[in-house]
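Just so it is clear, the values below take in all heavy atoms, side chains as well, and ignore hydrogens, waters and symmetry mates.
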Amino acid sequence: MQASSGSAATALAGVPLLKELVEQADGRIIIMPGCGVNSDNAATILKATGAKEIHASARKSVGSGMKF
């Protein structure tokens, strides 16, 4: 597995290189787009690159119920 942004600031910006890497890997290794991947762009990145997996923090802010 190799996580990459395609030598760009984000995986979305690096789509051209990521697509090339996925094609060159030809299933021998997993190219996993990462950096800036979120629910708004994940499907676009997967479709544009041909990647089967992505790396994302999948974080969400949740308010604390703690009382001080």
Side-chain angles (χ1 to χ4, degrees):
M1 184 264 314
Q2 176 64 46
S4 177
S5 64
S7 294
T10 66
L12 189 59
V15 160
L17 180 56
L18 288 166
K19 180 179 182 187
E20 184 179 330
L21 293 171
V22 169
E23 290 170 356
Q24 287 180 3
D26 195 27
R28 293 184 300 267
I29 63 170
I30 297 167
I31 304 298
M32 186 179 290
C35 188
V37 178
N38 58 49
S39 60
D40 293 330
N41 63 20
T44 300
I45 292 168
L46 288 172
K47 184 175 181 181
T49 63
K52 304 293 182 209
E53 302 177 30
I54 55 172
H55 181 273
S57 63
R59 63 184 160 186
K60 176 181 174 183
S61 294
V62 178
S64 171
M66 181 180 258
K67 305 279 186 213
F68 294 97

Anything under 3.5 Å between a donor and an acceptor, one on a side chain of residues 33-42, the other on a protein residue two or more places apart or in another chain? List them.
from: Asn38; atom 1: OD1; to: Asp40; atom 2: N; distance (Å): 2.8
from: Asn38; atom 1: OD1; to: Asn41; atom 2: N; distance (Å): 3.1
from: Asn41; atom 1: OD1; to: Asn38; atom 2: N; distance (Å): 2.8
from: Asn41; atom 1: ND2; to: Gly36; atom 2: O; distance (Å): 3.0

- Message: Quick one, Ser5 with Thr10, criterion side chain to side chain contact (heavy atoms under 4.5 Å, CB included). Give me CA distance, side-chain angles, the key distance, then yes/no.
- Response: CA-CA 5 Å; Ser5 64; Thr10 66; 5.9 Å; no
Exercise answer: donor-acceptor pairs, residues 44-52 side-chain atoms, under 3.5 Å, sequence neighbours excluded:
from: Thr49; atom 1: OG1; to: Ile45; atom 2: O; distance (Å): 2.8
from: Thr49; atom 1: OG1; to: Ala51; atom 2: N; distance (Å): 3.1

- Closest non-hydrogen atom pair between Glu53 and Met32, with its separation: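 Reported closest heavy-atom pair: OE1-CE, 3.1 Å.
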- Task: Quickly, which of Leu17, Leu18, Leu21 forms a side chain to side chain contact (heavy atoms under 4.5 Å, CB included) with Ser7? Name it, please.
- Result: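 So, applying the side chain to side chain contact (heavy atoms under 4.5 Å, CB included) to Ser7 and each of Leu17, Leu18, Leu21, only Leu17 qualifies.
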